[in-house]
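A short write-up of the structure that comes next.
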Protein chains: 2
Amino acid sequence: MKNRTMAGSIGAEIRQRILDGHYPAGSQLRQDGLAAEFGASRIPVREALFQLEAEGLVRIHPHRGAMVAPLSPAEAAEALELRGALEPRLLALSAPRLTADDFARADTLLDEYAAALRAGATARWGALNTDLHLLLYSRAERPRALGLVGSLLAECDRYTRLQLSTDGAELERADREHREIVRLCRNGHVSAACALLVDHIAHVAAALMAFLGDGPGSTKSARIV
Amino acid sequence: MKNRTMAGSIGAEIRQRILDGHYPAGSQLRQDGLAAEFGASRIPVREALFQLEAEGLVRIHPHRGAMVAPLSPAEAAEALELRGALEPRLLALSAPRLTADDFARADTLLDEYAAALRAGATARWGALNTDLHLLLYSRAERPRALGLVGSLLAECDRYTRLQLSTDGAELERADREHREIVRLCRNGHVSAACALLVDHIAHVAAALMAFLGDGPGSTKSARIV
DNA sequence: GGTGTTGAAATTGTATAAAATCATTCGGGC
DNA sequence: GCCCGAATGATTTTATACAATTTCAACACC
């Protein structure tokens with residue numbers, strides 16, 4: 001446990017379980033049960049839930065408890081819209097300042113990504129994707145925007161995980177685009193990298209919308225929630 | 001008190017006091033003192049502080065307490081950058097859907113603004129500015145972006161309040177631009193309104209940066225923090 | 001048969017009190 | 001004289017206990 005406070009570590013664990021799908025979307029998160037599960041009191045659990053609500057992963061209704069934020073096409077679209085508005089700006093600021101160590105770490109992430117791709121380990125993909133994107137923006141010196149994009153990436157991972165259970169071809173395309181973005185950044189072609197990033201996010205959005213619209217269920221929200 | 005929970009009303013009150021300057025930037029917020037001040041326990045105070053930290057108005061260091069988020073030119077610049085990235089998109093989506101009632105309410109806000117301007121009541125200005133901007137974006141159907149912009153507007157108000165103590169001319173310019181934006185939206189000139197909004201935010205940013213740089217103190221951060 | 005009401009059970013919100021952590025200060029050693 | 005370390009004080013963090021609110025179900029009533 002690297003977190004100094006219990007609320008922080010509990011929050012990190014709950015976040016992980018939400019992203020893993022261990023706590024399904026829309027399910028109630030009872031403070032008492034969580035407290036018993038973590039061997040703690042309800043107060044650090046409450047604080048963890050508040051933090052997760054700020055990140056958008058949990059919804060809290062006063063006197064009615066907390067639930068895992070439901071998945072809806074509208075919210076996925078909004079999250080991807082925000083990513084499309086913010087990430088290119090961050091990349092434009094950060095790319096010229098990326099160091100050799102940063103690119104080395106990016107290569108490592110890309111290799112891990114490819115390994116997970118061959119192994120079919122979709123569980124690792126979400127974290128790797130988030131780490132790569134945040135690494136590319138890390139030199140922008142925009143801490144608030146960076147934290148916000150981190151939350152958005154986590155939220156998008158929840159939807160992408162659904163999508164990947166039926167369609168794995170998107171992963172290869174994402175891998176190619178990631179490699180190309182890194183390559184363009186390394187060679188100093190910042191504006192080209194940003195343009196490709198815009199396409200990348202737009203394509204993820206389009207594919208996800210197509211998937212959410214053509215889901216096996218009859219109605220969209222019913223299938224997802 | 002319209003809030004259903006005590007933590008909510010305490011949070012609203014603390015937020016108001018931060019925006020009013022009643023709790024100055026960088027000052028410690030002791031849970032015990034706040035609890036005594038509100039006649040409540042420390043737990044709802046804690047939850048209120050967590051919520052305010054998510055909005056960016058409060059910084060919490062584990063085991064070291066909470067403080068009002070300090071003011072720095074870098075953070076002001078980032079907040080205005082984010083506003084510049086988000087608000088035009090929201091206006092483009094919302095403007096075509098604004099109703100007659102919305103415009104009537106906008107006129108009311110503009111009149112109140114003008115009245116406050118004549119009376120020299122800069123205290124009212126922040127809330128009116130926030131309300132007007134959020135009203136213009138309210139039909140975009142982007143709840144997450146709207147909440148985020150609300151937080152950014154609140155944060156910007158803290159800096160603008162500083163600036164207005166020495167320079168009141170900016171208020172008139174803002175008033176003119178607000179009226180023009182509303183007029184363009186009402187007449188269906190959405191893209192022109194968005195372009196003016198971009199200029200509006202850019203000008204606020206430039207004026208604020210000039211003020212923060214030319215402050216009476218020698219160094220920038222020392223004067224502000 | 002449908003609807004409104006009333007009661008109990010469960011869950012959340014709050015208060016009080018104990019435990020852990022951090023900053024400070026005083027004393028001792030180099 | 002200056003730096004390092006332990007005790008002290010304050011503050012946060014967590015646990016336990018209590019109060020307020022909501023929800024669900026049974027039941028009377030229209």
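The sequence lines fix the lettering, A, B, ..., with proteins before strands; numbering per chain opens at 1. Below, all heavy atoms of this structure are taken into account, side chains as well, without hydrogens, waters or symmetry copies.
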Exercise. Taking all heavy atoms of A/Leu208 and all of A/Ala76, pick out the closest pair and write down the distance.
Key: CD2-CB, 4.1 Å

Exercise. Starting at atom CD1 of A/Ile60, determine the distance to atom C1' of C/dG13, rounded to an integer number of angstrom.
Key: 12 Å

Exercise. Grab the CD-P distance between A/Glu53 and C/dT12 for me, whole Å please.
Key: 14 Å

Quiz item: Do the side-chain N or O atoms of A/Arg4 get closer than 4.0 angstrom to the phosphate oxygens (OP1, OP2) of D/dT12?
Solution: no

Exercise. In plain terms, say whether B/Glu141 and B/Arg97 are close enough for a salt bridge, that is, a side-chain N and a carboxylate O under 4.0 Å apart.
Key: yes

Quiz prompt | Where B/Leu19 and B/Ala154 come nearest, the two heavy atoms and their spacing | solution = CD2-O, 3.4 Å

Quiz item: With a non-hydrogen cut-off below 4.0 angstrom, is A/Ala40 in contact with a base, only sugar-phosphate, or nothing?
Solution: sugar-phosphate

Quiz prompt | Base C/dG13 to side chain A/Arg42, donor-acceptor N/O within 3.5 Å cut-off | solution = yes

Self-check item: Residue whose nearest DNA chain D nucleotide is more 5′ - A/Pro44 or A/His63
Solution: A/Pro44

Quiz item: Can you tell me how far C1' of D/dT16 sits from CE of A/Met6, to the nearest Å?
Solution: 15 Å

Practice problem: Round to a whole Å and report the spacing from CG of B/Leu49 to P of D/dT12. | Solution: 9 Å

Quiz item: Is any side-chain N or O of B/Thr5 closer than 4.0 Å to OP1 or OP2 of C/dT14?
Solution: yes

Quiz item: Where do B/Glu75 and B/Arg158 land on the salt bridge (charged side-chain N to carboxylate O under 4.0 Å, His left out) test, with the steps shown first?
Solution: CA-CA 11 Å; B/Glu75 296 195 19; B/Arg158 300 180 66 206; over 6 Å; no

Quiz item: Counting just side-chain N and O atoms, does A/Arg30 come under 4.0 Å of either OP1 or OP2 of C/dT12?
Solution: no

Quiz item: Please give, in whole Å, the distance from C/dG13 C1' to A/His61 NE2?
Solution: 16 Å

Self-check item: A/Ile43 CD1 - D/dC18 P separation (whole Å)
Solution: 15 Å

Quiz item: Is the distance from OP1 or OP2 of C/dC22 to the nearest side-chain N or O of B/Arg64 less than 4.0 Å?
Solution: no

Quiz item: Whole-Å distance between C/dT14 C1' and B/Leu34 CG?
Solution: 17 Å

Quiz item: Rounded to whole angstrom units, what separation is found between the CD atom of B/Glu47 and the P atom of D/dT12?
Solution: 16 Å

Quiz prompt | Nearest heavy-atom neighbours spanning A/Ile60 and A/Ala66 | solution = CG1-CB, 3.9 Å

Quiz item: Across the strands shown, which category fits B/Gln31 at heavy-atom distances under 4.0 angstrom: base, sugar-phosphate, nothing?
Solution: base

